[in-house]
Participant: 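Have a look at this one before I ask anything.
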Amino acid sequence: MTTPETKPTLNFVQEIVEADNAARRWGTWPDGRPRVHTRFPPEPNGYLHIGHAKSIWLNYGLAEQYGGRFNLRFDDTNPVAEEQEYVESIVRDVRWLGVKWVGMRDVTGGARASGADAESGVIFSSDYFQQMHDWAVELIKKGRAYVCDLTSEETSTYRGTLTKPGTNSPHRDRSVEENLDLFERMRKGEFPDGSRTLRAKIDMASPNLNLRDPVMYRILHAAHHRTGGAWCIYPMYDWAHGLEDSIEGITHSICTLEFENHRPLYDWFIDAINEGRTEDGSGPWGRTIHHPQQIEFARLSVTHMLMSKRKLLELVKGGHVRSWDDPRMPTLSGLRRRGYTPEAVRNFCADVGVAKFNGTIEIVRLENAIREHLNRIAPRRMAVLRPLKLVITNFPEGSVEQLDAVNNPEDPSAGTRKVPFGRELYIERDDFREEPPKGYHRLYPGNEVRLRYAYFVKCTGVVKDMATGEVREVHCTYDPATRGGDSPDGRKVKGTIHWVSAGHAVDAEVRLYDHLFSAPFPEDVPEGGSYLANLNANSLEVLSGCKLEPSLAEAKFGHDAFGTIMPDRVQFERHGYFCVDMDAGPGRPVFNRTVSLKDSWAKVEKKG
RNA sequence: UACCCGGUAGUGUAACGGUAGCACAACAGGUUUUGGUCCUGUUGGUCGAGGUUCGAAUCCUCGCCGGGUAACCA
């Protein structure tokens, strides 16, 4: 073979995985392929956003491309923050992205799925509470953990600071027997919230604060969304997470950069459990447990957006947006309602790449991704958003023609449709000027333009409101020889504008969106300021009385088997991509603008 | 002023000791029945100083700058 080796460039995580695979570091699947097993471990305390999509794409993508497996696991170790509502929304969003997790049930053929179907295969960390508890007892017996009676304030004081070492807890040297007894009584509920903790005995002088005897269990007499009242002690993230990964046989435990300092602890806990264990189970504590590799990557940041769950919640609660799925939100439910496709979101994630540098992606990259996909798949339609009446004075009164319009120039298989044409039309207000600026190619007195897929028309005059001077109607004549938009005499026009027949137009509401935050870095605020000051007052513009070509009356939004909305998406020619909003109903069309088309004329005009 | 991690065109990401490339953005032109798409071209970069080497974005040292870390959150 003389074919040049096409070496796909790998991101640093893929490089690690490939090196591991080459060394068979994690063994093999029954089919002989090297084992790769990833997971996405959200806490069910908020809605997923575009940043989570990057993590899901990374984790699932790895499993997919290396023939591995992927788990969807809820990290539900804190009963006070977590709710079933979030579980449902997260499952829906992960499914929407096109991910297949181990044990996932697919429902097709128009069947209606149940809640159990939706969550089949989904894992909950809380299912491992008993195992985690047993391992904690083991660490106590090994002298690696102790019950501490310090209050949270005292614990914090004893921990020291970034520059000063901590001090040992006075309870650090309790006997194994006493620790066992106390921990058992913690579990049985004998002590009030916050009165005691189980801590790992590591090193109060470590420069890594995570290693200064971290808390493994806290007492919380709170009902858990899954386990109810079964437990009143709950494991902390650092203790729980590696164990969850271990139990599931996760090979690469991928998380974001801020967990880099936690990796030594992740490793310490598993090593502590493995102390006294052997591969063949001959050790005093039995068989070694699996020890995954934690890998950290840079989380996604996008200009004009916010990813903080807390702030997103504030936007919803504070009424700055309508809901979690407000089309201006960076949530996956918001993007979906806005008209984004899972393909575009995935392409965007692939496009921005994976590295350890904490940067910020320009939002145009996201907009570019959805334009690129919708350009290929969205049917074209004509819609007049800000209507102005156009009267063709030499067109026979009462006559209607059906003209052929191409559905998608990028996709010949999409075919054509008929669009009705008559003497009175609507055109865009912006497509007519009494006094055209330099370089203006659209309609103005004396100028000839093409009505897309229809005829050449020449502007002959205007009708104005006597009182206000506002243009009420534009009058023109048409050239019957140019039917379809071609001139037999070879005469050219500079402009082509869209139109809708006044007698056939469908009235609609159209919602135009702009960045939720006008500042590229909304969180950059002066001392004492709030990111809320960076909200864009014009992020939503609602237009009513828009005129749509009649075929658009049939546009609707549907649902998949799990109830997730699947809106129809179209391009309004010369405007942008739009989708049907879930507020639409029979006889009440409502469209969201997903993203506008690029507009080089607007750029020119702005410059003057 | 402790520890950890980073720093390549405006933005993001490649180059793994051997020609600094790609995408988006910007700019210029071409095609066009969407001022869209598509095509062509242009501008523009290795944080700094030393060192190792025939050769350094890459390895070493020292600076500089940025991020993370002191929840009984994850």
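Residue numbers start from 1 in every chain, and the chains themselves are labelled A, B, ... in the order their sequence lines are given, proteins ahead of strands.
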Participant: Looking at every strand, decide which applies to A:F357 at a 4.0 Å heavy-atom threshold: base, sugar-phosphate, or nothing.
Facilitator: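 Answer is sugar-phosphate: A:F357 comes under 4.0 Å of backbone atoms only.
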Participant: Taking CH2 from A:W239 and P from B:rC72, how many angstroms apart are they, rounded to a whole number?
Facilitator: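 Checked: the CH2 to P distance equals 17 Å.
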Participant: May I ask you to decide whether A:R39 forms a salt bridge with A:D245, counting only side-chain N to carboxylate O separations under 4.0 Å?
Facilitator: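 Salt bridge: yes.
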Participant: Quick one: A:Q571 CD to B:rU34 C1', roughly how many Å, whole number?
Facilitator: 7 Å
Participant: Is any side-chain nitrogen or oxygen of A:T360 closer than 4.0 Å to OP1 or OP2 of B:rU11?
Facilitator: no
Participant: If we take the C1' atom in both B:rU58 and B:rU8, what is their distance in whole Å?
Facilitator: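 These two C1' atoms come out 11 Å apart once rounded.
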Participant: Exactly one of A:R442, A:K458, A:R491 should register a salt bridge (Lys or Arg N to Asp or Glu O under 4.0 Å) with A:E448. Which one does?
Facilitator: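 Result for salt bridge (Lys or Arg N to Asp or Glu O under 4.0 Å) with A:E448: A:R491.
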Participant: Grab the OH-P distance between A:Y266 and B:rC4 for me, whole Å please.
Facilitator: 22 Å
Participant: Contact class for A:L162 (heavy atom, under 4.0 Å): base, sugar-phosphate, or nothing?
Facilitator: base
Participant: For the P atoms, the ones on B:rA9 and on B:rG45, what distance do you get once it is rounded to whole angstrom?
Facilitator: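 To the nearest whole Å, 9 Å.
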Participant: What nucleotide, of B:rA74, B:rU34, B:rC72, holds the atom closest to the side chain of A:L597?
Facilitator: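 Given the options B:rA74, B:rU34, B:rC72, the side chain of A:L597 is closest to B:rU34.
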Participant: Using a cut-off of less than 4.0 Å, is there contact between a side-chain N or O of A:R380 and OP1 or OP2 of B:rU34?
Facilitator: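 A:R380 to B:rU34 OP1/OP2: no side-chain N or O under 4.0 Å.
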Participant: The side chain of A:D599 is closest to which nucleotide in this list: B:rG12, B:rG35, B:rU13?
Facilitator: B:rG35
Participant: So A:Y440, base contact, sugar-phosphate only, or nothing? Heavy-atom distance under 4.0 Å.
Facilitator: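 Contact class for A:Y440: base.
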Participant: What is the distance from CZ of A:F12 to P of B:rG12, rounded to the nearest Å?
Facilitator: 16 Å
Participant: Determine the contact category for A:S156: base if any of its heavy atoms lies under 4.0 Å from a base atom, sugar-phosphate if only primed atoms, P, OP1 or OP2 are that close, otherwise nothing.
Facilitator: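 Result for A:S156 = sugar-phosphate.
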Participant: Which nucleotide, in any strand shown, forms a Watson-Crick or G-U wobble pair with B:rU34, with both distances under 3.5 Å?
Facilitator: none
Participant: Does A:E573 reach a base, just sugar-phosphate, or nothing at all? Heavy atoms under 4.0 Å.
Facilitator: base
Participant: By centroid distance (under 5.5 Å) and plane angle (under 30°), are A:Y237 and B:rA74 in a stacked arrangement?
Facilitator: no
Participant: Heavy atoms only, 4.0 Å cut-off, all strands: where does A:F259 land among base, sugar-phosphate and nothing?
Facilitator: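 The answer is base, as A:F259 lies within the cut-off (heavy atoms under 4.0 Å) of a base atom.
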Participant: Answer yes or no: does a side-chain N or O of A:R218 lie under 4.0 Å from OP1 or OP2 of B:rC73?
Facilitator: yes
Participant: For B:rU1, does OP1 or OP2 lie under 4.0 Å from any side-chain N or O of A:K164?
Facilitator: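 Negative; the distance criterion is not met.
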Participant: Any base atoms under 4.0 Å from A:P409, or only sugar-phosphate, or nothing? Heavy atoms, all strands.
Facilitator: base
Participant: Below 4.0 angstrom from OP1 or OP2 of B:rA74, is there any side-chain N or O of A:K309?
Facilitator: no
Participant: At under 4.0 Å between heavy atoms, what does A:G576 touch on the DNA or RNA strands: base, sugar-phosphate, or nothing?
Facilitator: nothing
Participant: Considering heavy-atom distances to RNA chain B, does A:Y577 or A:G485 have its closest nucleotide positioned more toward the 5' end?
Facilitator: A:G485
Participant: Have a look at A:L451 and say if it touches a base, only the backbone sugar-phosphate, or nothing, with a 4.0 Å heavy-atom cut-off.
Facilitator: nothing
Participant: Starting the side chain at C-beta, find the nucleotide from B:rU69, B:rU11, B:rA25 nearest to A:R365.
Facilitator: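 It is B:rU11.
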Participant: Once you apply a heavy-atom cut-off of 4.0 Å, does A:D193 come out as touching a base, just sugar-phosphate, or nothing?
Facilitator: nothing
Participant: Can you confirm if the NZ or CZ of A:R196 lies within 45° of the ring axis of A:F191 and under 6.0 Å from the centre of its six-membered ring?
Facilitator: yes
Participant: Between the main-chain N or O of A:Y440 and the side-chain N or O of A:K494, is there a donor-acceptor pair closer than 3.5 Å?
Facilitator: no
Participant: Check A:R483 with A:D486, please: is the shortest side-chain N to carboxylate O separation under 4.0 Å?
Facilitator: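 Looking at A:R483 together with A:D486, the answer is no, because their closest N to O distance does not fall below 4.0 Å.
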Participant: With both distances under 3.5 angstrom, what nucleotide forms a Watson-Crick or G-U wobble pair with B:rG41?
Facilitator: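 B:rC27 is the nucleotide pairing with B:rG41.
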Participant: Main chain of A:H304, side chain of A:H515: is a donor-acceptor contact present, judged purely on distance under 3.5 Å?
Facilitator: no
Participant: Please figure out whether A:R452 or A:R263 has its closest RNA chain B nucleotide nearer the 5' end.
Facilitator: A:R263
Participant: Ignoring the backbone of A:N368, work out which of B:rU37, B:rC24, B:rA2 is nearest its side chain.
Facilitator: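 Nearest to the side-chain atoms of A:N368, counting from C-beta on, is B:rC24.
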Participant: Need one value for A:E43: base, sugar-phosphate or nothing, where a base atom within 4.0 Å counts as base even if backbone is also close, heavy atoms only.
Facilitator: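 Since only primed, P, OP1 and OP2 atoms lie under 4.0 Å of A:E43, the category is sugar-phosphate.
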Participant: With distance as the sole criterion, do the side chain of A:E362 and the base of B:rG10 form a donor-acceptor contact below 3.5 Å?
Facilitator: yes
Participant: Using a strict threshold of under 4.0 Å (side-chain N to carboxylate O), is an ion pair present between A:K311 and A:E314?
Facilitator: no
Participant: B:rC72, B:rC5, B:rA14: which one has an atom nearest the side-chain heavy atoms of A:A355?
Facilitator: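 Selected nucleotide (nearest to the side chain): B:rA14.
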Participant: Whether the side chain of A:R442 and the base of B:rG35 hold a donor-acceptor pair under 3.5 Å is what I'd like checked.
Facilitator: yes
Participant: Which listed nucleotide (B:rG68, B:rA25, B:rA74) is nearest to the side chain of A:N261?
Facilitator: B:rG68
Participant: With a cut-off of less than 4.0 Å, is there a side-chain N or O of A:R159 near OP1 or OP2 of B:rA71?
Facilitator: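 Answer is yes, contact under 4.0 Å.
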Participant: So which nucleotide from B:rA70, B:rC5, B:rG7 ends up closest to the side chain of A:K356?
Facilitator: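 Nearest nucleotide to the side chain: B:rC5.
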Participant: Base, sugar-phosphate, or nothing for A:P235, non-hydrogen atoms under 4.0 angstrom?
Facilitator: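 Since only primed, P, OP1 and OP2 atoms lie under 4.0 Å of A:P235, the category is sugar-phosphate.
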Participant: How long is the line joining CG of A:D351 and P of B:rA23, in whole Å?
Facilitator: 10 Å
Participant: For the side chain of A:N358, counting heavy atoms from C-beta on, which of B:rA25, B:rG67, B:rC27 is nearest?
Facilitator: B:rG67
Participant: According to the Watson-Crick and G-U wobble definitions, with both distances under 3.5 Å, which nucleotide is paired to B:rG66?
Facilitator: B:rC5
Participant: So, is the end of the A:R450 side chain (NZ or CZ) under 6.0 Å from the ring centre of A:F456 and within 45° of the ring's axis?
Facilitator: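 Because its charged atom misses either the 6.0 Å distance or the 45° angle limit, A:R450 does not stack over A:F456.
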Participant: Going by purine N1 to pyrimidine N3 plus the second Watson-Crick contact, or the G-U wobble pair, all under 3.5 Å, which nucleotide sits opposite B:rG21?
Facilitator: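 For B:rG21, the partner nucleotide comes out as B:rU13, under the 3.5 Å rule.
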Participant: Return the value, rounded to whole Å, for the distance between atom CZ of A:F183 and atom C1' of B:rC72.
Facilitator: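 Between C1' of B:rC72 and CZ of A:F183: 13 Å.
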Participant: Looking at B:rG35 and A:H441: do their rings stack (centroid distance under 5.5 Å, interplanar angle under 30°)?
Facilitator: yes
Participant: Take the angle between the ring planes of A:Y455 and A:Y478 and call it parallel below 30°, perpendicular above 60°, tilted in between.
Facilitator: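 Ring orientation, 0 to 90° scale: perpendicular.
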Participant: Rounded to the nearest Å, what distance is computed from the CD atom of residue A:E367 to the P atom of nucleotide B:rU37?
Facilitator: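 Going from A:E367 (CD) to B:rU37 (P), I get 13 Å.
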Participant: Choose from B:rG12, B:rG68, B:rC73 the nucleotide whose nearest atom is closest to any side-chain atom of A:I361.
Facilitator: B:rG12
Participant: Indicate whether OP1 or OP2 belonging to B:rA74 is found under 4.0 Å from a side-chain N or O atom of A:T77.
Facilitator: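 Checking B:rA74 against A:T77, a side-chain N or O does come within under 4.0 Å of OP1 or OP2.
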Participant: Which nucleotide in the set B:rG68, B:rC4, B:rA70 lies at the smallest distance from any side-chain heavy atom of A:E260?
Facilitator: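 Within the option list, the nearest is B:rC4.
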Participant: So, is A:S600 close to the B:rG36 phosphate, meaning a side-chain N or O under 4.0 Å from OP1 or OP2?
Facilitator: yes
Participant: Contact class for A:H241 vs. all strands (heavy atom < 4.0 Å): base, sugar-phosphate, or nothing?
Facilitator: nothing
Participant: Please determine whether a side-chain nitrogen of the Lys or Arg among A:R218 and A:D193 lies less than 4.0 Å from a carboxylate oxygen of the Asp or Glu.
Facilitator: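 Salt bridge between A:R218 and A:D193, a charged N being under 4.0 Å from a carboxylate O: no.
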Participant: Please report the distance, rounded to the nearest Å, between CG in A:L443 and P in B:rG35.
Facilitator: 14 Å
Participant: How would you label the contact of A:V493 with the nucleic acid (heavy atoms, under 4.0 Å): base, sugar-phosphate, or nothing?
Facilitator: nothing
Participant: Watson-Crick or G-U wobble partner for B:rC59, using a 3.5 Å limit on both distances?
Facilitator: B:rG51
Participant: If the cut-off is 4.0 Å, is A:K603 near the phosphate of B:rA26, judged by side-chain N/O to OP1 or OP2?
Facilitator: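 Checking B:rA26 against A:K603, a side-chain N or O does come within under 4.0 Å of OP1 or OP2.
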